[in-house]
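What follows is a single structure, written as structure tokens, with notes after it.
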Number of protein chains: 2
Amino acid sequence: MTCRVISYGERMSRWAPDAALRLERAALELFTEQGYAGTSVPEIATRAGLTTRTFFRHFPDKREVLFLRERELPAVVASLVAGAPAFLSPLGIVMHGFEAMAAGMFEGWRPDLQARRAIIGSDQGLRERELLKNVLLAGVITEALAGQGVGGREARLVARYGVLVFEIALTDWLDSDSDTFPDVLHSTAYRMGQLVRPARQDE
Amino acid sequence: MTCRVISYGERMSRWAPDAALRLERAALELFTEQGYAGTSVPEIATRAGLTTRTFFRHFPDKREVLFLRERELPAVVASLVAGAPAFLSPLGIVMHGFEAMAAGMFEGWRPDLQARRAIIGSDQGLRERELLKNVLLAGVITEALAGQGVGGREARLVARYGVLVFEIALTDWLDSDSDTFPDVLHSTAYRMGQLVRPARQDE
DNA sequence: GCCGTGATGACACGGAGTGACGTCGTCATC
DNA sequence: GATGACGACGTCACTCCGTGTCATCACGGC
């Protein structure tokens, strides 16, 4: 059960590399095969060639294994917000940041994200965790906006609103097979704005 | 351990009444005394004069004991939305519903709600559950709006937006000791609207 | 060649949550 | 009034999640 690496190319260590990635792959396989609730952490660890204790060293709990890819997302968005052009409105800064991030990270991932979303949608605890991730993201954006000179209360409102638009746009994008994500993001932002403050007489 | 009722006025049954309420009260006391993570379900059940198994018959999990009072909230809001005056905009319907509900349910609860919110804020799992409750509430509102003739996509956007405004307003109201909740709700809605679509030339 | 570091294995443990079954008042029916 | 269904709770046994602690072993620096 020690899982020594017999031969792995040039460099070999005592342990196979990328334990977290192996755990994530094993978890995704098992979750799609037999469901999230139907697979235990020991199963995941065993398939990855590791032990249960090691799983919890890489992930604070069972749900977190599904969010490995998004770990750096808050930092990315924060840096994009921090480097946004100064002439934009607060909301423009946030949406611009989402757009830039989505172009760089999401374009090739649609199938993976769809599979992952099916798993998350099947379990209440996973949806809860996803919602918390969104709120945490909003918190990071709030701080980044404050660093751009946006007032604290205004920054919080804009961040929460922007994350909400992003969340809905992501859902719609994954549901529709043809559109591109920036387009969905734009149209979602536009439609939401219309509903919040209907325009007087433009089309 | 059977907790027979010795004497309870006219009608007496084998078990003391209001098991769920007793569990809620015991949980609130213990959580404020020694923290959420520091109290176990057996402790709560024992203080309420019940067993662990009975706790889980009344609440699907440990977190849920903090949301007993809000169980009927989705139904209340849904009925308010369903009975809203027809001349209102979709968002007007939702905000009107929140206002009516808040007037009837929240006014006397501020101290209780503040204590509860301190507990929820101290634990990640509780914040996650609270976020899920909000999204579930948005889902119910979406259906109620659809019953009022609002299109599905539009209803979803309005519901999520309205719940977001409500959530932020509730937080601000509990933070400030003087304001009344409808006022905070109004001002939050107004400020959020300003940020989403800045007006051209009004102040 | 020695030692610090870092990742992992091995073991033990408490708490969350569930399934199955037993107990005993309450209520309706006869 | 006796009987049986019903409902709320107790009791027991179990799995799984998550954590603390210590031992093990490769690697890199000296």
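In this text the structure is predicted, and so the values were computed from the model without any measurement. Chain A is the first sequence line, chain B the second, and so forth, proteins listed ahead of strands; every chain is numbered from 1.
Regarding contacts with the backbone of dA7(C), every side-chain N or O of His58(A) stays at 4.0 angstrom or more from both OP1 and OP2. Arg22(A) has no side-chain polar atom (N or O) that falls below the 4.0 Å cut-off from OP1 or OP2 of dT8(C).
When the nucleotides dC17(D), dA16(C), dT11(D) are ranked by their closest atom to the side chain of Pro42(B), dA16(C) comes out on top. Closest to the side chain of Thr54(A), from the set dG9(C), dC17(D), dA16(C), is dG9(C). Looking at the side chain of Arg53(B), the nearest of the listed nucleotides dT8(C), dT18(C), dC17(D) is dT18(C). With distances taken from any side-chain atom of Ala19(B) to the nucleotides dG9(C), dC9(D), dG20(D), the minimum falls on dC9(D). Comparing dG9(C), dA16(C), dC9(D) by their nearest atom to the side chain of Thr51(A) picks out dG9(C). Distance from the side chain of Ser40(A) is smallest for dC16(D) among the nucleotides dG10(D), dG9(C), dC16(D).
At a cut-off of 3.5 Å, with distance as the only test, no side-chain donor of Thr180(A) or Asp183(A) sits close to an acceptor on the other residue.
Among Arg71(B), Arg69(B), Arg129(B), the one residue that satisfies the salt bridge (Lys or Arg N to Asp or Glu O under 4.0 Å) test with Glu64(B) is Arg129(B).
Applying the side-chain hydrogen bond (donor to acceptor under 3.5 Å, both in side chains) test to pairs two or more places apart or on separate chains, those with a residue in residues 140-164 of chain A are Arg156(A)-Asp172(B), Arg160(A)-Glu167(B).
Residue Asp61(B) contributes atom CG, which lies 13 Å from atom C1' of dG15(C) at whole-angstrom precision. Atom CZ of Arg129(A) is separated from atom P of dG18(D) by 8 Å (rounded to the nearest Å). Note: NZ (Lys62(B)) to P (dG18(D)) measures 13 Å, nearest angstrom. For the pair Phe56(A) CZ and dA7(C) P, the computed distance is 19 Å after rounding to whole Å. Atom-to-atom, CG of Leu50(A) to C1' of dT24(D) comes out at 16 Å; the value is rounded to the nearest Å. If you measure from atom CG of Leu23(A) to atom C1' of dG9(C), you get 14 Å, rounded to the nearest angstrom. Across the protein-nucleic acid pair, Tyr36(A) atom OH and dC16(D) atom P stand 14 Å apart, rounded to whole Å. Atom CD in Glu43(A) sits about 12 Å away from atom C1' in dT15(D), given to the nearest Å.
The pair Asp123(B)-Lys62(B) fails the salt-bridge criterion, with no side-chain N (NZ, NE, NH1 or NH2) lying under 4.0 Å from an Asp/Glu carboxylate O.
For the atom pair CE of Met95(A) and NE2 of His186(A), the computed distance is 7.5 Å after rounding to the nearest 0.5 Å.
You won't find any donor-acceptor pair under 3.5 Å spanning the side chain of Arg57(B) and the base of dG17(C), going by distance alone.
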